[in-house]
Each structure stands twice: as C-alpha cells, then as structure tokens.
Amino acid sequence: MTNEHHAPDRVSDEAIADLHARLSRRRRFAALLGGQPPAGVDLDWLDTLVARWTDGFDWRTQEDRILALPWELVDAPHPLRVIHQKAEPDAPVVLLLHGWPDSVLRFEKVLPLLRHVTVVAPALPGYPFSVDAPAEGMSANEMADVVAAGMHRLGYTRFVVSGGDIGCNVAEALMRNHPSMVAAAHLTDVSQRHLAGGIPDDLSPTERDYVDRWNRWQTTEAAYSLEHATKPATIAAALTDSPTGLLAWIGEKLWTWTDHGDDIASVFSHDEVLTWVSAYWFTSAIGSSFGPYALRTAPPNTKIPGRIPVVLSIFPDDLVNAPRDFAERLFDLEAFEEHPVGGHFPSWEQPEAYVRDLDRAIAAALD
C-alpha cells in the first residue's frame with residue numbers, strides 16, 4: 001500500500017528563524033597551522049555561503065520545488081518515503097540509490113531524462129526526507145532489506161538498480177541478499193569496504209596500484225569516514241548544533257569530490273549547496289546518516305552469485321576508482337565505462353552520461 005503525494009512536511013517558520021539566529025551568532029576562528037593556509041574547507045567560500053544562508057537564500061523557493069516531486073509513502077514494515085516517477089505500465093523499473101553527504105536531491109537532474117522508465121528513488125532510512133530522520137541509523141544491509149520490502153509493496157519484484165557511494169553498498173547488498181529482484185545494476189563506484197574487510201592475495205599490478213591509492217586516500221582524505229564510523233555521537237552532536245559546522249563538513253566534500261577545476265559554481269551554485277545542506281539541517285539527519293559507517297560490515301570479496309549484469313561508470317574525479325580487474329572479482333561486468341570528466345556525484349555533474357550508462361544496464365536487463 002502507498003500514500004500518494006505524501007511529501008515531506010514543510011519546515012516551520014520557527015525552524016527557519018532559529019537557523020538565522022544561529023548563523024547570526026557564528027563564531028569565526030583564526031587561521032591554523034602557524035599561519036599556513038588551513039587544510040579543509042575553503043574559508044573564503046565558507047564565508048560567502050554563510051552570508052548567503054543568512055541573508056538572500058530562500059528556502060521556501062527550494063522547498064516548493066522539492067515538495068512538488070512525485071512523493072509517495074510506502075506502507076511497509078519500515079515505512080519508506082520515495083520519489084515515484086511513473087512511466088507506461090510495461091516500462092522498465094529503475095531503483096535509484098543515493099549516498100552521503102547527499103539525498104534524493106542527487107537525482108534531480110536525471111529525473112527529466114528518465115521519462116521512458118518508472119523511477120523509484122527512496123530517501124534512505126535516516127537520511128533527509130526519510131520517514132525516520134532523525135533516527136538511530138541503519139547499516140547498508142539493513143537498508144537493502146527495507147528497500148526490498150518497499151519495492152515489494154509497490155508491486156515491483158524485478159528492477160534495475162543504480163547507485164553510488166552508500167547507494168552502491170545498498171545496491172550490492174540487494175544483489176547478494178535479494179538477487180531475484182535485481183535484473184541488472186548500474187554502479188558509479190566499487191565499495192571501498194571490499195579493501196577494508198581484507199585484501200585478496202592474488203592482486204594484479206593494477207589492483208596493487210589501486211590498493212596503494214586507497215591507502216594514500218585513507219591517510220589524506222578519509223578522516224571524516226573514520227569519525228563517522230568510530231565516534232559518530234561526538235561529531236553528530238557538533239554538527240546538529242552548528243549550521244556553520246554542518247555547512248563546512250558537507251561543503252568541503254562537495255568542493256573536493258567534484259570535477260570543477262577552480263570553479264565550484266560550475267557544478268554547484270551557492271543556493272544548490274545551501275539546499276543540500278539545509279536538507280540535513282532542517283531534518284536533523286546528519287547523525288542518523290552515519291549509520292552505514294558506524295554499523296559497517298565488509299562485503300565478501302567474492303563474485304555475486306548468479307548472472308546479474310553490471311555496468312560500472314568510472315568518473316575521473318571520484319574518490320578511489322577501482323580498476324576493471326578488481327571489479328570483475330565481484331561483478332559480471334556488462335560494461336566498464338571510463339568517462340573523461342566528472343566526479344563523485346555523476347547524476348548531478350554529468351546527467352546525460354549517467355543516463356546513457358544506466359540505459360545500457362536497462363538494455364542488459366531486457367536481453
């Protein structure tokens with residue numbers, strides 16, 4: 001059963017006033033590291049964003065657009081709020097799975113390009129716009145079970161799954177734990193947890209290079225992930241209380257993980273960044289979004305049983321791209337597409353390329 005057009009609740013005027021009051025009391029900090037440029041978020045950019053968030057950013061305009069999306073509430077054992085964009089009754093069904101630090105808003109630019117298929121894009125449990133945000137958070141495996149039950153309630157027992165980041169982990173869990181439901185998959189990365197759970201002995205040279213890159217990334221970029229995984233309550237307390245802190249925490253990733261050269265506005269306008277961050281702020285979902293990190297489990301480094309064709313899209317400025325031979329340990333690759341541009345949010349940064357690769361997975365499912 002579903003409750004059609006069950007959009008998220010509107011944000012209260014009091015919540016918006018509270019945000020502005022907190023921003024007005026912002027405490028700035030001195031430069032760190034003995035006068036060297038501080039590592040992390042670009043401080044000039046942060047100042048500009050805080051000023052815009054304080055005066056000029058219109059949440060109501062963004063909210064009206066978001067609430068106009070085709071939302072439904074799935075009455076499953078664990079209720080699931082989804083964007084449900086319907087096509088013809090016999091059209092293929094595509095399940096879109098977002099990641100962190102984003103939400104279903106990751107897919108806004110591809111929805112108009114996917115009118116030829118039925119799309120279900122769940123707000124993953126504990127993330128912005130989900131029924132239970134904020135909550136205690138869930139592991140990727142638990143999320144996969146919730147999504148599978150929700151798809152059953154919607155009447156979809158066979159579909160193509162497409163995801164990245166946390167969504168890639170949920171997609172793989174669906175393939176391993178609910179294989180009869182997944183006709184094909186389109187992924188934009190291979191879960192790094194395959195390395196965290198134990199590195200195979202028989203690595204090829206390209207795989208050894210991948211492990212080396214992953215180890216370097218762990219020491220230079222992965223501190224956020226370790227904090228989410230090991231001390232989630234500590235960082236959640238800080239980010240739930242400080243909008244500037246939340247903006248810095250998420251904004252740094254939007255800056256670092258996208259392919260923009262030195263012009264972040266070519267990928268995210270100020271208002272787009274603030275919309276994504278506001279989604280976390282107004283739902284208090286940052287702490288529950290850490291669930292897949294804190295409740296992490298390493299998937300096996302074995303090929304997914306059965307024949308589920310997988311299209312893997314590789315974008316050069318994503319985090320740590322796995323080589324083809326490592327991906328072939330896990331998946332029956334239908335295609336391994338290496339793109340010349342794009343980063344960690346390809347459905348946002350390169351929507352046409354994203355949909356072309358997704359269409360390849362759809363075609364494989366129909367063969």
Side-chain angles (χ1 to χ4, degrees), residues 5 7 62 64-72 81-99 102-124 128-129 147 151 154 156 158-165 167-168 170-171 182-189 254 257-260 265-269 271-273 275-276 279 309-318 334-367:
H5 311 301
Q62 311 303 326
D64 287 344
R65 187 191 73 255
I66 293 166
L67 297 186
L69 294 168
W71 294 97
E72 289 186 20
R81 182 175 284 118
V82 304
I83 294 172
H84 192 186
Q85 179 175 284
K86 299 178 184 178
E88 297 297 323
D90 59 348
V93 178
V94 172
L95 172 67
L96 299 180
L97 299 173
H98 67 80
D102 52 280
S103 66
V104 291
L105 299 182
R106 169 190 283 236
F107 300 117
E108 274 197 283
K109 292 185 179 181
V110 299
L111 288 174
L113 307 179
L114 291 172
R115 300 291 183 186
H116 57 297
V117 298
T118 288
V119 175
V120 180
L124 290 175
F129 312 117
V147 170
M151 293 297 279
L154 286 169
Y156 302 135
R158 190 81 169 154
F159 49 81
V160 175
V161 61
S162 179
D165 193 81
C168 180
V170 178
V182 183
H186 167 237
L187 307 176
T188 59
D189 54 80
L254 302 187
W257 293 354
T258 51
D259 184 4
H260 61 77
S266 66
V267 177
F268 287 105
S269 70
D271 282 7
E272 287 166 345
V273 172
T275 298
W276 282 31
V310 173
V311 174
L312 188 60
S313 298
I314 301 297
F315 293 86
D317 276 12
D318 207 343
E334 178 73 17
F336 186 86
E337 293 292 335
E338 296 183 273
H339 294 274
V341 294
H344 189 61
F345 309 97
S347 58
W348 181 270
E349 299 175 63
Q350 300 294 325
E352 291 83 6
Y354 183 95
V355 170
R356 282 196 300 271
D357 288 356
L358 174 54
D359 278 339
R360 291 198 65 176
I362 294 168
L366 297 175
D367 284 346

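The chain is numbered in sequence order, starting from 1.
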Report yes if the side chains of Thr275 and Leu105 come closer than 4.5 Å at any heavy-atom pair, otherwise no.
yes
Does some side-chain heavy atom of Trp71 sit less than 4.5 Å from a side-chain heavy atom of Val82?
no
Does Arg106 have any side chain to side chain donor-acceptor pair (under 3.5 Å) partners at least two apart in sequence or in another chain, and if so, which?
Asp102
Between Glu72 and Lys86, does any side-chain N to carboxylate O distance fall below 4.0 Å?
yes
Would you mind reporting whether Val94 and Val120 have side-chain heavy atoms less than 4.5 Å apart?
no
When every non-hydrogen atom of Thr118 is compared with those of Glu88, the smallest separation belongs to OG1-O, 4.3 Å
By side chain to side chain donor-acceptor pair (under 3.5 Å), which residues pair with Arg65, not counting sequence neighbours?
Gln62, Glu108
Where Glu334 and Pro309 come nearest, the two heavy atoms and their spacing
OE1-CB, 3.9 Å
Parallel, tilted or perpendicular: rings of Tyr354 and Phe107 (30°, 60°):
tilted
When you compare the side chain of Asp357 with that of Thr188, does any pair of heavy atoms fall below 4.5 Å?
no
Assess the side chains of Asp317 and His260: does a donor N or O sit below 3.5 Å from an acceptor N or O?
no
Aromatic ring proximity, centroids under 6.0 angstrom, Phe129 and His98
no
Is the shortest heavy-atom distance from the side chain of Leu111 to the side chain of Leu69 under 4.5 Å?
yes
Compare all side-chain heavy atoms of Leu95 with those of Val160 and state whether any distance is below 4.5 angstrom.
no
Salt bridge (charged side-chain N to carboxylate O under 4.0 Å, His left out) involving Glu338 - partner list, sequence neighbours excluded
none
Would you indicate whether the side-chain heavy atoms of Leu124 and Leu97 approach each other to under 4.5 Å?
yes
Worked check of side-chain contact (heavy atoms from CB on, under 4.5 Å) between Ile83 and Leu96:
CA-CA 10 Å; Ile83 294 172; Leu96 299 180; over 6 Å; no
Begin with the C-alpha distance, continue with both residues' side-chain angles, and end with the deciding distance and a verdict on side-chain contact (heavy atoms from CB on, under 4.5 Å) for Ile362 and Val117.
CA-CA 9 Å; Ile362 294 168; Val117 298; 3.8 Å; yes
Just one of Val267, Asp165, Leu254 clears the side-chain contact (heavy atoms from CB on, under 4.5 Å) bar with Phe345, so which one?
Leu254
Here the pair of heavy atoms bringing Val110 nearest to Ser347 is CG1-O, 3.3 Å
Do you know which two heavy atoms are closest between His84 and Tyr156, and how far apart they sit?
NE2-OH, 2.7 Å
Which atom names give the shortest non-hydrogen contact between Asp259 and Glu349, and what distance separates them?
N-OE1, 3.0 Å
What I want to check is whether the side chains of His186 and Ser313 have a donor and an acceptor closer together than 3.5 Å.
yes
Is it true that the side chains of Asp189 and His344 contain a donor and an acceptor less than 3.5 Å apart?
no
I'd like to know if Arg360 pairs up with Glu337 as an ion pair, taking the criterion as any Lys NZ or Arg NE/NH1/NH2 lying under 4.0 Å from an Asp or Glu carboxylate oxygen.
yes
Looking at Val104 and Pro122, what are the two nearest heavy atoms and their distance?
CG1-O, 3.2 Å
